[in-house]
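Take a look at the structure below.
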Amino acid sequence: MLTAFLDGYSCFVVLWGFFFPKRPFIDVWLVFDLPVPSKLPNLPASEVPSKSKVVWEKFSSQTNFERDMYFYGTFPENFTWGVSSSAYQIEGGWDADGKGPSIWDNFSHVPGNIKNGDTGDIACDSYNKVEEDIYLLRALGVKNYRFSLSWSRIFPSGRNNSINSHGVDYYNRLINGLVANNITPIVTLYHWDLPQALQDIGGWESSTLIDLFNSFADFCFQTFGDRVKFWITFNEPQVIAWAGYGAGTLPPNVNDPGSAPYRVAHILLKAHARVYHTYDDKYRASQGGVIALCPNIDWVEPKTPSDPRDIEAADRYLQFLVGWFTHPIFKNGDYPEVMKWKVGNRSELQNLPSSRLPVFTAEERDYIRGTADVFCFNTITGHRAVAWGLRRLLNWIKEEYGNPPIYIIENGVGIKTKSDVDDNTRIFYYKTYIDEALKAYKLDGVNLRGYNAWSFMDSFEWLNGYDPRFGLHQVDFDNPNRPRTPKRSAVYYAEIIRNNGIPLPKEDEFLYGEFPKNFWWSVATAAYQVRKLRQTLKVYVDNGKGLSIWDQFSHTPLKISNDDTGDVACDSYHKIEADVEMLKSLKVSHYRFSISWSRILPDGTTKYINEMGLNYYERLIDALLAANIMPQVTLYHWDLPLALQNIGGWENDTIVQRFKEYAELLFQRLGDKVKFWITFNEPYNTAYSPYVVGHNIIKAHAEAWHLYNETYRAKQGGLISITINSDWAEPRNPYNQEDIDAARQYVQILRGLCFLSVFYCRLPEFTESEKQRIKGTYDYFGLNHYTTVLTYKINYPAVTDRSWLNSGSVWLKVTPFGFRKLLRWIKEEYNNPPIYVTENGVSERGDLDFDDTWRMHYYRSYINEALKAVVLDGVDLRGYTAWTLMDNFEWAVGFDEKFGFYHVNFTDPELQRHPKASARYYAQIINCNGFPDPATGPHPCLELENSIVCAFCSFCSWRTGLGSFCFSVWKIIQKIP
Ligand SMILES: *[C@@H]1O[C@H](CO)[C@@H](O)[C@H](O)[C@H]1NC(C)=O
Ligand SMILES: *[C@@H]1O[C@H](CO)[C@@H](O)[C@H](O)[C@H]1NC(C)=O
Ligand SMILES: *[C@@H]1O[C@H](CO)[C@@H](O)[C@H](O)[C@H]1NC(C)=O
């Protein structure tokens, strides 16, 4: 009864602690917060390679999209969140109140041993700051705090004949304070700081340490065990053995790599088992806690995942690194087979009388086996943050050790900056690592029970002194008071704890619903990217087409990836029928394409009109109209006639008139059939010298608009406007005014919204009459949008959030939320104009995969955000255009980045087009005019393509943990022609 009551009312317990700060109700607290100790099963020895190699096999087939997709969900109620520290790294008071010296005191006092001559003499002075530290822990909202006991603070000589009551008092104050605040202490008995007196008798090379460590542990259980229910014997025993006795980099600096580490590990294992049994025999019944040891683990990937030898090597790495300690404890009391073979064989080759790896007796194996109640480990990033490795590592532990209860005891990142409280790198680290832990728990069934961040605060980082910093709190080591300041990562971590994970934000929830009737669905291309043909640069070969600046640019060596050109591109010039067929299958109501100025006016002027070029567009438009697809025509999509460039291009004022004449020709000749004109596509991108150039583009746009408005609109009745490209920008730190200002500036100025004075912005570089001429020259707001950036500081380059999905283009991160925000912003900033999205899409790189799930995900989530903008925010969105119909010439990256619904086989002279899965998916969205709720069905539009709906069960059900099922269903459906 009491248990159930307390589980449901945790705040009540906090209050309880508040009212009875000194002596907590141990039993109540025990029921509330503790892992239930249960004997772990004994397991047979690992095979070589171990069966856990399935982890590599399972994950190596993941696409990057599946791997990196951010996952939302929460941990169970009883999940424990904490932060970690260790005695020598934070306590200071190295010789206070009778504390004995440890090997680390002595080592750090030798000049040259530690970077910058740092020592742990004062460190964070936590020895004198119990209250402050507990206050910070409460503010974080942690459920546990993991710290270590300094052996020589309690037993100055290492032995229980010299008990330092001041040291005991210190830990009692700390533990009582934690318990009073409902924070579970997780206590490490040994975190590297051996009493010097014990080093003097041989340290961990001497088996007398087994007894001595046991007597220290026994004292700690007896003294603190009424309140401490979670014990760790050794922190990172491999480091103790290897760095202390093999490489010799850490004290006691023994350099004997071949043999000493194995001997020391042998003793550490026996000491661990001894302490475990002491707890089991004398304390468990009355105290009811758990006890384990805590290795450090780095994940390892086979170089070639398909090569069994590489998998074997990866497995061997983990057996030597981790299995060394955990195989005896969690498996059969003995070292991993592969370790015994390898070390044994090598010893034999060295003509040694016996293996350098010591041997356990049968009795010892029995004694060691099963001496851990839970599986604890540390994983710290040294080189690079590779968050997905954590999920695989957790799966490996699950497979290898029979899914024991797992606690991540240390996880964090060191950053080499003296005092950056605005530590967004660390936020991204936790954001991605905790997400991978969540996936392991939710999707893979890993028995994960707790997560602790390393570290509580900036502290003494061993050989590195006080650099780099790992803390969630900054400590000012130049100030004798050692003041602590929460970093932004502390605020972030507190939020994760409060949410008990990473719940899907309300505004990111999927919205079922439909777009308004008569919503336009379109897909876009651009002339240079899909349709041209020319033999050489010298002549206007292809039916009279003139050269454009892109012809010249793409023929300049080294300008384009692989020296690709748009010479042939998709050869749409000769493939009207094939292109219209694709558009029909997509079910689009509109098709956006651009006209090649130099195809119609080879030298850019109306002196000579290339009728064959015009005829091509007439045929295309007729074919579209015959298929009931309305053309949306861009007059200028970057490919300026070279002849005009040669007289100054957009920097020559006379171009305004040239453009107007070109536009007029198109209105005259095509305007009875074309009812939607875009004067310029993304003028900002065109504007390599923005002011002069922008000036003339805006004027050219305005002239074309007025011409249409005055002369053609009455009889043709179409719309004409300009399309701009804008990312959305978010402040990197939403609490920092500078970052917020930078985001605003980014959207307003850098991406050209304001620059486009047609939308009533400041018009600094125009005369009064020019302004009058430009003002209001739009019928709609044309928007190309792809991605979002993070800004910090005005005029600094934008960055991105590491948790955002990548695409095939470095600049394009999958950030659907930004789309809705931008649409809403345009509504508010420009007085609710009608908006047509004229481009939106995502690229891929590398091997062809028709099963382009990531693209379906992109369209699904972006179009859903557009739906929210319409339905929830009242944005006047009239149409949506996907970029792009088919893989094509992507400007400077040539054919490397592919955005198409249709794949084009560029090595096939026929340039065959084949639909990717996303083509069918987009057709379905169009057919349904959005996303009808299946629960309110049946919806014929969904049933028609039922298979495709299932592709997206994956995303909804990912959140409930059934993802892989739907992925496999999708794969099978794809095989049906
Ligand atoms: C934690 O809660 C889950 C259910 O939410 C339960 O299955 C599990 O046994 C609990 N674990 C512990 C250690 O109490
Ligand atoms: C601008 O273009 C005109 C022709 O339209 C040409 O006569 C003039 O030389 C050009 N100016 C420059 C600076 O190239
Ligand atoms: C557009 O043309 C109409 C009809 O000629 C005219 O009334 C209106 O003022 C024009 N708009 C602008 C902004 O010039």
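First listed ligand is number 1; within each ligand, the first listed atom is number 1. We use all heavy atoms of the structure for the numbers below, so side chains are in, but hydrogens, waters and symmetry mates are not.
- Checked by atom type and distance alone, the side chain of Thr881 pairs as donor or acceptor with a backbone atom of Val837 at under 3.5 Å.
- With hydrogens and angles disregarded, a donor-acceptor distance shorter than 3.5 Å links the side chain of Ser585 to the backbone of Glu581.
- Judged by the shortest distance from any of its heavy atoms, Arg713 lies outside the 4.0 Å radius around the atoms of ligand 3.
- Of all atoms in ligand 3, listed by their number and element, those nearer than 4.0 Å to a heavy atom of His706 are 14 (O).
- Ligand 2 is surrounded by Ile647, Asn652, Thr654, Arg658, each with at least one heavy atom closer than 4.0 Å.
- Polar contact check, Glu710 against ligand 3: no nitrogen or oxygen pair lies under 3.5 Å apart.
- For the ligand labelled ligand 3, residue Trp705 lies inside the 4.0 Å heavy-atom shell.
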Handout entry: Verdict with supporting geometry, Phe510 and Phe931, ring-ring contact (aromatic ring centres under 6.0 Å, His included)
Key = CA-CA 10 Å; Phe510 194 77; Phe931 308 95; 5.2 Å; yes
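- A donor-acceptor pair under 3.5 Å is formed between the side chain of Asn864 and the backbone N or O of Leu511.
- Counting all heavy atoms, side chain and backbone alike, Val633 lies closest to Val674 at CG2-CG1, 3.6 Å.
- The backbone N or O of Gln716 lies less than 3.5 Å from a partner atom in the side chain of Lys675, making a donor-acceptor pair.
- If you take CD on Glu661 and CG on Leu707, they are separated by 10.5 Å, rounding to the nearest 0.5 Å.
- Results of the side-chain hydrogen bond (donor to acceptor under 3.5 Å, both in side chains) test with Asn840 over Trp883, Tyr862, Tyr858 single out Tyr858 as the only residue that passes.
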